[in-house]
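Take a look at the structure below.
Everything numeric here is computed off the predicted structure, so don't read it as measured data.
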Amino acid sequence: MKYSRLSFLVLCISLLCLVLLTQARRHHPKNKHTHHHKGSHISQPPSSSPALEPAPEPEPEPAEPPYNDGDPSNSSQVFDVRKFGAAGDGVTDDTDAFKMAWDTACQSDSAAVIIVPKGLSFMIQSTIFTGPCKGALVLQVDGTLMPPDGPESWPKNESRRQWLVFYKINEMSLQGGGLIDGRGEKWWDLPCKPHKGINGATLPGPCDSPIAIRFFMSSNLTVQGLKIKNSPQFNFRFDNSQNVHIESISITAPALSPNTDGIHIENTNGVEIYNSVISNGDDCVSIGSGCHNVDIRNITCGPGHGISIGSLGNHNSRACVSNITVKDSVIKVSNNGVRIKTWQGGSGVVSGVTFSNIHMDNVRNPIIIDQFYCLSKDCPNQTSAVFVSDILYDNIRGTYDVRSPPMHFGCSDSIPCTNLTLSEVELLPAIGDIVSDPFCWNAYGELQTLTIPPVSCLMEGVPRSILDNNDKGYC
């Protein structure tokens, strides 16, 4: 009996082991399709498999900031002016630090960024930043730049005609959310300035005042996002340059600040001025001789002296300006709207100009051609003049200051203006109900639509003097 029980126990254990072995073989079949390769093994997914939790996607790497405040000697090509010794306290002379930062960035083999950090004010003397540089360069102004405070603080051996000059630069961007403070108040009060002398007189004496920002013999330039205020004289000036893009800037100065033109261009081609606000004591934009292919759009101008071509032909000089467009803009509380101004005795041509979709708000001389431009009362009469032709005024509406007529076409006695075209012009007095008549002198053109007020003084056709003159001062 004892052996029977033992035999039965052994039999049960044997049966249990047999069952477990069979189950193990069912769950681990031999893979008959496994291929053995030399080298790496690439496992193939099964034809069907149970649903699995999706693998988590890798977290994206954090984006690098656009400007890394690193050591200027490292490979980031970012140069903070503080690394070169700039204090940024508004009192210390930071000129040398800016020069060293510029020279280092300019010699960088790749694109470089100079950082003017936010929250600090940097005082800089009159300085010329010289190129050409090896690569593209960005001057990122997020803080404040300022010159010495007035004529008495200006170094005796430094030029009083300019403050910051960029010379022979290719591919540069002057940008940022910072401020350029020209500190021009003491310059405007010099006795030589208009109406600043005793009893409103202009007195003799030193009168040079610095242009705030000047680009000379440069190309592929961008100015974007900055605010500039209270320049001693012109805010921006571009000479002998090409491919200039100005976007979203703000220029402010008091309405009576003398000669504070917002943007002046001379002998400069391929200019775009977009989406900006300019309020100052002179022209919002002034276009000098030698300028071609200029596009100005979405500008709010005023108070000021409007948007001007000229003055041209001073000192019997030759002036050539063509392919100028000003459109989609507002001019308000200004001495002029859209203006062409030339001196007697000059030569050359202004042609291919379009003023379109412009709103005037209480503007004196909303539309004006003045070929008798003179800053005194004793300019001599001269027969030669800059030839003005092919000017289009389209969709110009709003109100005018009743002290002057809404349209003024004062053309040369000897060389008339020709091919002036008016379409959809409607100008009403800002005060009262009496509409003034336009003024015309030796002006030829056509009306494509009825205008308000009517322009009955514009002559048709082309005058004999133009047909017989083969030269006409063409450029």
Side-chain angles (χ1 to χ4, degrees), residues 81 86 88-95 98-99 116 118-129 139-155 158-167 174-194 196 206-216 221 223-239 246 248-266 273 276-286 301-305:
V81 294
D89 57 11
V91 178
T92 304
D93 184 353
D94 290 325
T95 308
F98 272 73
K99 285 182 175 179
V116 180
K118 185 178 181 180
L120 300 174
S121 297
F122 300 88
M123 196 277 286
I124 310 173
Q125 308 282 359
S126 176
T127 304
I128 300 176
F129 297 102
L139 179 53
Q140 179 75 20
V141 179
D142 292 319
T144 299
L145 301 180
M146 60 179 64
D149 188 15
E152 296 300 321
S153 302
W154 206 266
E158 297 289 349
S159 171
R160 292 193 170 208
R161 295 188 176 185
Q162 54 201 24
W163 175 34
L164 301 181
V165 179
F166 299 92
Y167 176 61
L174 174 60
Q175 64 184 45
L179 172 67
I180 298 173
D181 184 355
R183 305 172 88 176
E185 296 88 341
K186 295 179 181 178
W187 296 93
W188 306 333
D189 287 335
L190 288 172
C192 63
K193 298 293 183 177
K196 294 298 182 179
C207 209
D208 286 341
S209 300
I211 297 166
I213 309 291
R214 185 182 183 194
F215 289 88
F216 185 56
L221 307 171
V223 178
Q224 186 167 359
L226 292 169
K227 296 180 177 64
I228 180 168
K229 71 173 186 178
N230 298 338
S231 175
Q233 202 189 42
F234 292 3
N235 289 267
F236 288 96
R237 177 167 178 146
F238 297 84
D239 290 274
I246 301 172
S248 302
I249 67 170
S250 171
I251 297 174
T252 57
L256 296 180
S257 56
N259 303 118
T260 52
D261 295 53
I263 301 168
H264 179 77
I265 59 176
E266 194 99 13
I273 304 174
S276 296
V277 178
I278 304 173
S279 172
N280 57 1
D282 213 302
D283 296 328
C284 292
V285 180
S286 53
C301 167
H305 293 183

Any donor-acceptor N/O pair, W163 side chain to P148 backbone, under 3.5 Å:
no
d(N235 CG, I249 CD1) to nearest 0.5 Å is 8.0 Å
Taking C-beta and beyond as the side chain, do F236 and I273 meet within less than 4.5 Å on heavy atoms?
no
I'd like to check the salt bridge (Lys or Arg N to Asp or Glu O under 4.0 Å) partners of K118; sequence neighbours left out, ordered by chain and number.
none
So, S276 side chain and S248 main chain: donor-acceptor pair closer than 3.5 Å or not?
yes
Test salt bridge (Lys or Arg N to Asp or Glu O under 4.0 Å) applied to R160 - qualifying residues, sequence neighbours left out
none
Going by salt bridge (Lys or Arg N to Asp or Glu O under 4.0 Å), name the residues that satisfy it together with D181, two or more places apart in sequence or in a different chain.
none
Are V116 and L145 close enough that some pair of their side-chain heavy atoms sits under 4.5 Å apart?
yes
Show every salt bridge (charged side-chain N to carboxylate O under 4.0 Å, His left out) that has at least one partner inside residues 277-286, sequence neighbours left out.
D283-R339, D283-K341
When you compare the side chain of M123 with that of D149, does any pair of heavy atoms fall below 4.5 Å?
no
Taking side chain to side chain donor-acceptor pair (under 3.5 Å) as the definition, give me every residue that meets it alongside S159, ordered by chain and number, with sequence neighbours left out.
none
What one should report as the nearest heavy-atom pair of F238 and V223 is CZ-CG2, 4.2 Å
A side-chain contact here means heavy atoms from C-beta on lying under 4.5 Å apart; do F98 and T127 qualify?
no
Name the atoms and distances for all side-chain donor-acceptor pairs under 3.5 Å in residues 251-261, with sequence neighbours left out.
{"residue": "S257", "atom": "OG", "partner": "P254", "partner atom": "O", "Å": "2.6"}
{"residue": "S257", "atom": "OG", "partner": "T260", "partner atom": "OG1", "Å": "2.9"}
{"residue": "T260", "atom": "OG1", "partner": "S257", "partner atom": "O", "Å": "3.2"}
{"residue": "T260", "atom": "OG1", "partner": "G281", "partner atom": "N", "Å": "3.0"}
{"residue": "D261", "atom": "OD2", "partner": "S286", "partner atom": "OG", "Å": "3.2"}

Donor + acceptor pair across side chains of S209, K193 (<3.5 Å):
yes
